[in-house]
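What you are looking at is a predicted structure, and each value in this text was computed from that prediction instead of being measured. Quick note: numbers below take in every heavy atom, side chains included, and nothing from hydrogens, waters or symmetry partners. Counting begins at 1 with the first residue of the sequence.
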Amino acid sequence: MDQSAQYGQMNFSLPHDVVPLPSKGKFYASKKKSLKVGYLTASDENILMAGNTREGLMMTLLRNKIYEPEIRPEELLNGDVEAIMIFLRNTSFGPQYNFKATDPETGKDFSVEIMLTELYTRETNVEPNEEGFFETTLPKSGSKVLLRPLTAGDSAEIDRIVDSYPAGRVAPRQTLRLSKMIVEIEGNRNREELSKYIDNMPIMDSKYIKNFMIENEPRLDLRQTVIAPSGKEVVVDILFGVEFFRPFF
């Protein structure tokens, strides 16, 4: 770990706040429902202005700003990471998030403003088990499976593998995601056997898992409906690319 990461992880005297996690700690061994997160400082502008990738920027900020030495940012759920990113942006630049969307009637771009403080955590009646896994039954095969939400480390690893594929070859993004999410099938946790099962899984079952996780994964609702100048409704997603912070620079 570099010096700046150690500074962020260990210096508890720095100004910070407590950020509640959408997961409420249910998926972690520590069961921590919130984390101490520092505010962005003048020195952090160097990170925001650097030519980092999305994953590089987010992981650097997490390592520097989470003041919990026992927490590894790579193990945080994506939904919890998003909540921390929104906290950092709100407390540094304000809650107004401005970006462009396209009017479906005219094809022209228009400006959208969303208040990030008004985002809420999606509610679900599905609770994880004591291990932090979702239990469900696949509709086509009837198999009982245990599922877990993806972590920041999972997503970064999948992106690295996909990016390594040469042009013209189809990267197995969907099966990679399934292999990370599926913990057990009918009591079997053997990774080699699970991999073979996933490769031959009916599409009905794989789509079910994707939709199940979208509906039940704990995270803020980042999909918003706005009205275009033509009066048409437009559904937009808040994205956490490098431009999430960089418009201020």
Side-chain angles (χ1 to χ4, degrees), residues 1-23 32 34-102 109-121 150-160 162-163 219-224 226 236-249:
M1 184 181 292
D2 62 26
Q3 185 175 1
S4 63
Q6 289 179 334
Y7 188 68
Q9 287 277 344
M10 299 179 65
N11 195 334
F12 306 111
S13 64
L14 292 174
H16 64 272
D17 208 334
V18 176
V19 178
L21 302 178
S23 69
K32 292 182 73 70
S34 59
L35 296 180
K36 298 174 184 175
V37 180
Y39 302 113
L40 292 179
T41 63
S43 64
D44 292 319
E45 291 185 40
N46 298 319
I47 300 172
L48 299 177
M49 295 178 69
N52 292 316
T53 63
R54 171 186 179 276
E55 289 75 18
L57 173 63
M58 293 177 67
M59 293 310 299
T60 300
L61 290 176
L62 290 172
R63 292 190 181 103
N64 286 358
K65 307 282 68 169
I66 295 177
Y67 298 167
E68 307 272 1
E70 74 278 13
I71 297 297
R72 296 185 68 250
E74 296 85 354
E75 296 175 354
L76 291 174
L77 300 191
N78 285 325
D80 291 343
V81 169
E82 292 167 355
I84 294 171
M85 291 297 110
I86 288 176
F87 163 82
L88 292 175
R89 193 182 188 282
N90 283 352
T91 55
S92 300
F93 307 112
Q96 296 88 0
Y97 181 41
N98 298 288
F99 58 97
K100 297 289 186 181
T102 302
D109 289 345
F110 66 98
S111 297
V112 176
E113 179 178 281
I114 290 177
M115 298 297 290
L116 297 175
T117 50
E118 296 177 356
L119 299 178
Y120 60 89
T121 301
L150 294 180
T151 65
D154 293 331
S155 296
E157 181 182 352
I158 291 170
D159 287 340
R160 284 195 297 269
V162 170
D163 290 342
R219 62 199 316 167
L220 296 172
D221 186 3
L222 302 179
R223 176 159 290 188
Q224 304 288 306
V226 299
V236 297
D237 292 297
I238 298 174
L239 303 177
F240 290 86
V242 292
E243 297 303 321
F244 186 67
F245 291 99
R246 293 212 181 126
F248 299 98
F249 300 98

Q) Can you tell me how far the OG1 atom of Thr121 sits from the CG atom of Leu220, to the nearest 0.5 Å? A) 4.5 Å
Q) Which of these, Leu40, Leu88, Thr60, sits in a side-chain contact (heavy atoms from CB on, under 4.5 Å) with Leu48? A) Leu40
Q. Quick one: side chain to side chain donor-acceptor pair (under 3.5 Å) partners of Asp109, sequence neighbours excluded?
A. Thr102
Q: Hey, could you give me the CG/CG distance between Asn64 and Asp44, rounded to the nearest 0.5 Å?
A: 6.0 Å
Q.
Using side-chain heavy atoms (C-beta onward) and a distance below 4.5 Å, is Val81 in contact with Leu62?
A. yes
(Q) Let's go through Ile86 and Leu222 carefully: what are the C-alpha distance in whole Å and the side-chain angles of both, what is the deciding distance for side-chain contact (heavy atoms from CB on, under 4.5 Å) to 0.1 Å, and is it a yes or a no? (A) CA-CA 11 Å; Ile86 288 176; Leu222 302 179; 4.1 Å; yes
Q.
Does this structure show an ion pair linking Asp80 with Arg219, if we count only N-O contacts that are shorter than 4.0 Å?
A. no
Q) Quick one: CE on Met49 to CG on Asn46, what's the gap to the nearest 0.5 Å? A) 8.0 Å
Q: Hey, could you give me the CD1/CZ distance between Ile71 and Arg63, rounded to the nearest 0.5 Å?
A: 14.0 Å
**Q.** Residue pair Glu75 / Thr151: nearest heavy atoms and the distance that separates them
**A.** O-CG2, 3.6 Å
Q.
Is the shortest side-chain heavy-atom distance between Met85 and Leu61 below 4.5 Å?
A. yes
Q) Would a 4.5 Å heavy-atom cut-off, applied to side chains only, mark Lys32 and Glu70 as touching? A) yes
Q: Of all the heavy-atom pairs spanning Met59 and Pro73, show the shortest one and how long it is.
A: CE-CB, 3.6 Å
**Q.** For Ser34 against Val18, the heavy-atom pair lying closest together
**A.** OG-CG1, 3.3 Å
Q.
Within the 3.5 Å criterion, strictly below it, is a donor on Ser155 or Asn78 matched to an acceptor on the partner's side chain?
A. yes
Q.
For a quick test of reading the model, state the closest non-hydrogen atom pair linking Ala83 to Pro22 and the distance between them.
A. CB-CD, 3.6 Å
Q) When rounded to the nearest 0.5 angstrom, what is the spacing between CG in Leu76 and CE in Met58? A) 10.0 Å
**Q.** Nearest heavy atoms of Leu239 and Phe244, plus distance in Å
**A.** O-CD1, 3.7 Å
Q) Taking side chain as C-beta onward, heavy atoms only, is Ile114 less than 4.5 Å from Phe99? A) yes
Q. Between Asp221 (side chain) and Arg223 (backbone), is there a donor-acceptor pair under 3.5 Å?
A. yes
Q. Should the pair Arg89 and Tyr97 be classed as cation-pi, given the thresholds of under 6.0 Å to the six-membered ring centre and 45° from the axis?
A. no
**Q.** Nearest non-hydrogen partners of Ser111 and Lys100, listed with the distance
**A.** OG-NZ, 3.0 Å
Q. Got a second to check how far Ile66's CD1 is from Arg72's CZ, nearest 0.5 Å?
A. 11.5 Å
Q.
Please evaluate residues Asp17 and Lys36 with respect to the criterion salt bridge (Lys or Arg N to Asp or Glu O under 4.0 Å), reporting the C-alpha separation (whole Å), side-chain torsions for both, the decisive distance (0.1 Å), and the verdict.
A. CA-CA 6 Å; Asp17 208 334; Lys36 298 174 184 175; over 6 Å; no
Q: Determine, stepwise, if the pair Val37 / His16 fulfils side-chain contact (heavy atoms from CB on, under 4.5 Å).
A: CA-CA 5 Å; Val37 180; His16 64 272; 5.9 Å; no
